[in-house]
2 protein chains.
Amino acid sequence: MNSAADQAIETIQREMTSFARRARALAGRLHPELSLVSYTLLGHLEESGGCRATDLADHYALDKSTVSRQVAVLEREGLVERRQDTADQRVQVLQLTDAGRRILGRVTDRRRAAVGERLSGWSEEDLARFASYLRRYNAGGPGDVPAAPDA
Amino acid sequence: MNSAADQAIETIQREMTSFARRARALAGRLHPELSLVSYTLLGHLEESGGCRATDLADHYALDKSTVSRQVAVLEREGLVERRQDTADQRVQVLQLTDAGRRILGRVTDRRRAAVGERLSGWSEEDLARFASYLRRYNAGGPGDVPAAPDA
DNA sequence: ACGTTCTGGTTGCAGAATACAACCACGAGC
DNA sequence: GCTCGTGGTTGTATTCTGCAACCAGAACGT
């Protein structure tokens, strides 16, 4: 099958890859104080309103050991805190601290500004459509839970 | 300023970030024989039809030392070859070998299949539009970072 | 109750990717 | 011919990562 759809898929996979490739460097330049990993972990904590380390690992396809270490760093920096779950003593519920929320907010602002600048010439309609495509792409996918469109 | 456009930009930056975060793991699962880095470097060589290491570094916002080492690996594996530029003895033009082209093709196929599966429910029109948005976004200034207004 | 298995998490270890700085070689301009 | 800029490599240190081994608490079966 070599249709127009195929062409589009080829382009999508190439452009998404290209973007991903640059993302780390972008994060490094835009907010050296919060690595791309840390940023996304904090972001997920905010979105989810607190979750377990395992959830983070699943969500980002990381090994639980990696998450464990990353979280340890974030905790040492006072950006997240862990609370033992009362029901299950194994579980540590992770949550943003106020400091974490503050830093996350600052970094998000800066990122949004950067992205916004890049999107400055776009019409509101295009922006909305692009956003919805991205959300749909990330949400969808086999092997991935259809993810409640809550947040 | 909290317009619809702002909302869209917020979403775009979040979703792009989320995607980038997973990309490495995806590559690891999908084609362990070719890391995300190697894949993108080979991809750029194919697209460009051969270029210098410096071009790769610029394009992906990598340090030239990083590229140098990555290319060394790819050369050792016989996937790229370097030719001294006749005009400028400093320059090494990098090009895919047949083996490199073969592997790149295989991996691209696999990636396209994965992406395609994720996009299976999409209309042809949506695919085309999504692709064009991504291309437009990535093309937005090879100067790369939209120059953080903060720093 | 007790042992087995499962789940959430940490730690030891090793490998890969990366940046920065120092360096070498060549080319260009004065 | 010097000096400076450019393309590339190498030394060094850091960070991210996965895998495997491990520990502790829960769940389940007998």
Side-chain angles (χ1 to χ4, degrees), chain A residues 17 20-42 48 50-77 80-95, chain B residues 20-42 45 48 50-77 80-95 144-145:
Chain A
T17 304
R21 199 57 208 72
R22 289 182 247 232
R24 192 194 196 195
L26 172 72
R29 269 170 287 149
L30 209 53
H31 45 86
E33 76 276 21
L34 209 59
S35 77
L36 183 61
V37 200
S38 300
Y39 173 70
T40 50
L41 293 185
L42 292 185
S48 67
C51 68
R52 305 170 306 165
T54 299
D55 299 331
L56 292 176
D58 288 349
H59 192 72
Y60 292 111
L62 289 170
D63 193 81
K64 57 183 181 165
S65 66
T66 301
V67 173
S68 174
R69 283 180 250 263
Q70 294 291 342
V71 167
V73 171
L74 293 175
E75 188 191 23
R76 204 176 319 127
E77 292 170 345
V80 309
E81 60 187 4
R82 356 159 79 115
R83 288 182 306 101
Q84 292 292 325
D85 187 299
T86 49
D88 186 337
Q89 287 301 104
R90 293 170 302 178
V91 170
Q92 301 177 350
V93 178
L94 304 172
Q95 272 180 323
Chain B
R21 198 58 209 72
R22 289 183 248 233
R24 193 194 196 193
L26 173 70
R29 267 173 289 144
L30 211 53
H31 46 87
E33 76 277 23
L34 208 58
S35 77
L36 183 60
V37 200
S38 299
Y39 174 69
T40 52
L41 293 186
L42 292 184
L45 284 182
S48 67
C51 67
R52 304 171 305 166
T54 299
D55 300 330
L56 292 176
D58 288 348
H59 193 72
Y60 291 112
L62 289 170
D63 192 81
K64 56 183 181 165
S65 66
T66 302
V67 173
S68 174
R69 281 181 248 263
Q70 293 292 341
V71 167
V73 172
L74 293 176
E75 189 192 22
R76 202 175 321 126
E77 290 170 346
V80 309
E81 60 188 3
R82 356 158 80 116
R83 288 183 305 101
Q84 291 293 324
D85 187 299
T86 50
D88 186 337
Q89 286 301 104
R90 291 170 304 179
V91 171
Q92 300 178 352
V93 178
L94 304 171
Q95 272 181 323
D144 235 0
V145 192

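Sequence lines set the chain letters: A, B, ... in the order given, protein chains first and strands last, and positions in each chain run from 1. Note: hydrogens, waters and symmetry copies are ignored here, and every other heavy atom, side chains too, is used.
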Determine the contact category for B/Asp88: base if any of its heavy atoms lies under 4.0 Å from a base atom, sugar-phosphate if only primed atoms, P, OP1 or OP2 are that close, otherwise nothing.
-> sugar-phosphate

Euclidean distance, atom CG of residue A/Leu36 to atom C1' of C/dT18 [Å, nearest integer] | 14 Å

Under 4.0 angstrom, heavy atoms only, what part of the nucleic acid is B/Arg82 near: base, sugar-phosphate, or nothing?
-> sugar-phosphate

If only side-chain N and O atoms of B/Arg90 are considered, is one of them under 4.0 Å from the OP1 or OP2 phosphate oxygen of C/dA25?
-> no

Option among A/Val80, A/Leu74, A/Val71 that satisfies the side-chain contact (heavy atoms from CB on, under 4.5 Å) test with A/Ser38 | A/Leu74

Indicate yes or no for a side-chain donor-acceptor contact from A/Arg22 to the backbone of B/His59 under 3.5 Å, with no hydrogens or angles considered.
-> yes

Terminal contacting nucleotides, 5' and 3', DNA chain D versus chain A (heavy atom, 4.0 Å) = D/dC16 to D/dA26

Atom CG of A/Asp63 and atom P of C/dG12 are separated, to the nearest Å, by 16 Å

Counting any heavy atom closer than 4.0 Å, what does A/Ala61 reach on the DNA or RNA strands: base, sugar-phosphate only, or nothing?
-> sugar-phosphate

Value in whole Å for how far the C1' atom of C/dA25 lies from CD of B/Gln89 | 10 Å

Donor-acceptor pair, A/Asp55 side chain versus A/Arg52 backbone, under 3.5 Å?
-> yes

Is the phosphate of C/dG9, meaning OP1 or OP2, less than 4.0 Å from a side-chain N or O of A/Thr54?
-> yes

Send over the distance from A/Leu26 CG to C/dA19 C1', rounded to a whole Å.
-> 16 Å

Near DNA chain C, under 4.0 Å by heavy atom, which residues of residues 64-75 of chain A?
-> A/Lys64, A/Ser65, A/Ser68, A/Arg69

